[in-house]
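A note on names: the letters A, B, ... follow the listed sequences, proteins ahead of strands, and every chain is numbered from 1.
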Protein chains: 2
Amino acid sequence: MTSDPTAPATAGTTLALIDHLSRLGRRSAEAHGVPSGLRPRQFVALTVLREQGPVAQQTLASALRLDPSNLVGLLNELEGSGLVVRRRDPGDRRRHIVELAPDGARALEAAEREMACVEDGLLRALSGQEREVLHGLLRRALGDQLPTCAEADPPGGC
Amino acid sequence: MTSDPTAPATAGTTLALIDHLSRLGRRSAEAHGVPSGLRPRQFVALTVLREQGPVAQQTLASALRLDPSNLVGLLNELEGSGLVVRRRDPGDRRRHIVELAPDGARALEAAEREMACVEDGLLRALSGQEREVLHGLLRRALGDQLPTCAEADPPGGC
DNA sequence: TATTGTTATACTCTATAACTATA
DNA sequence: TATAGTTATAGAGTATAACAATA
């Protein structure tokens with residue numbers, strides 16, 4: 001049926017699995033009660049900020065595939081908690097440069113420890129080596145790096 | 001830092017990747033405009049119904065990790081479109097047995113072809129073999145089978 | 001005029017609790 | 001009384017459009 005032999009019988013179902021696993025992760029994280037009170041997107045946002053260093057809001061939004069207008073509220077909360085800092089770009093005063101605050105780095109580490117625990121429960125069927133493989137594949141699929149560049153939706157022949 | 005050598009430096013970040021990939025998949029699917037008009041959970045629901053055959057609503061809800069009350073509306077839509085059939089369990093007239101309708105099977109196949117296309121764009125960084133590995137790992141992580149059994153949240157030592 | 005961030009609004013998804021009909 | 005499904009409601013999450021300040 002598939003015209004492409006490199007995409008076998010699994011085609012079309014992997015995303016469903018990912019979606020479901022993502023759901024399980026969210027629910028499990030909620031059940032465990034993330035201590036830092038960080039929600040998924042806050043968690044990812046802090047991660048990107050740590051990897052990337054200071055970035056403009058729009059860049060961050062596109063990295064997170066989040067609409068800029070939604071990022072506003074997210075950053076308001078994070079800034080209110082002292083986890084990130086916003087400052088104007090001197091070069092272009094329209095821009096806000098967002099940066100991870102020391103408290104944010106600490107909160108992120110705490111959340112990571114907690115998430116490692118949740119993850120451990122969720123992936124308990126997999127060995128440590130398999131988890132590394134999984135992690136590597138996901139990372140490669142996402143562009144060999146954290147969600148950084150605004151890779152446009154594939155123009156591909158679909 | 002990690003006490004468990006089997007869970008290396010990747011610990012705590014895999015779920016974030018999964019979450020992000022899930023988001024990308026959703027957005028990409030929306031962008032492509034799923035032809036059958038099937039939303040993610042409808043898609044997964046039909047998949048489970050095909051794999052499992054007729055099941056009680058509650059069983060389906062727990063398989064999907066979806067609250068039974070939310071499943072009602074989902075099934076209403078699917079039944080309204082003629083994709084699934086609900087009938088009373090003769091043995092216990094409180095139960096509704098849900099079953100995939102012929103139209104549902106067709107819609108599912110169409111959606112799968114479409115999703116295979118979306119997936120192809122999303123996982124284009126991976127070879128066919130790698131995608132199989134990824135699929136296998138995800139499937140094993142989810143219990144070596146489709147979301148079927150109501151595996152309770154891990155009691156694990158967290 | 002174009003762009004960055006913001007506000008306002010609406011729509012979807014989901015969880016919770018109260019209700020019904022069967023058991 | 002307990003259970004399966006349903007309804008109603010509230011709260012996130014997210015997309016869209018309109019707006020302010022700056023370029």
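Residues satisfying the salt bridge (charged side-chain N to carboxylate O under 4.0 Å, His left out) criterion with A:Asp92, sequence neighbours excluded, are A:Arg94, A:Arg95.
Each of A:Arg86, A:Glu79, A:Gln52 was evaluated against A:Val98; a single residue qualifies, A:Arg86, per the side-chain contact (heavy atoms from CB on, under 4.5 Å) test.
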Base-contact (B) and sugar-phosphate-only (S) positions in nucleotides 3-13 of chain D, heavy-atom cut-off under 4.0 Å, - elsewhere: BSSBB----SS
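For the atom pair OG1 (A:Thr13) and CD (B:Glu112), the distance works out to 7.0 Å, reported to the nearest 0.5 Å.
Between A:Arg23 and B:Asp19 there is no salt bridge, since no side-chain nitrogen of the basic residue lies less than 4.0 Å from a carboxylate oxygen of the acidic one. Salt-bridge annotation for B:Arg39 and B:Glu77: present, with a side-chain N of the basic residue lying under 4.0 Å from a carboxylate O of the acidic one.
Between the side chain of A:Glu130 and the backbone N or O of A:Ser127, at least one donor-acceptor pair lies under 3.5 Å. The closest donor-acceptor contact from the side chain of B:Arg124 to the backbone of B:Gly121 lies under 3.5 Å.
Put simply, chain A comes within 4.0 Å of DNA chain C, heavy atom to any atom, from C:dA2 to C:dA15, going 5' to 3'.
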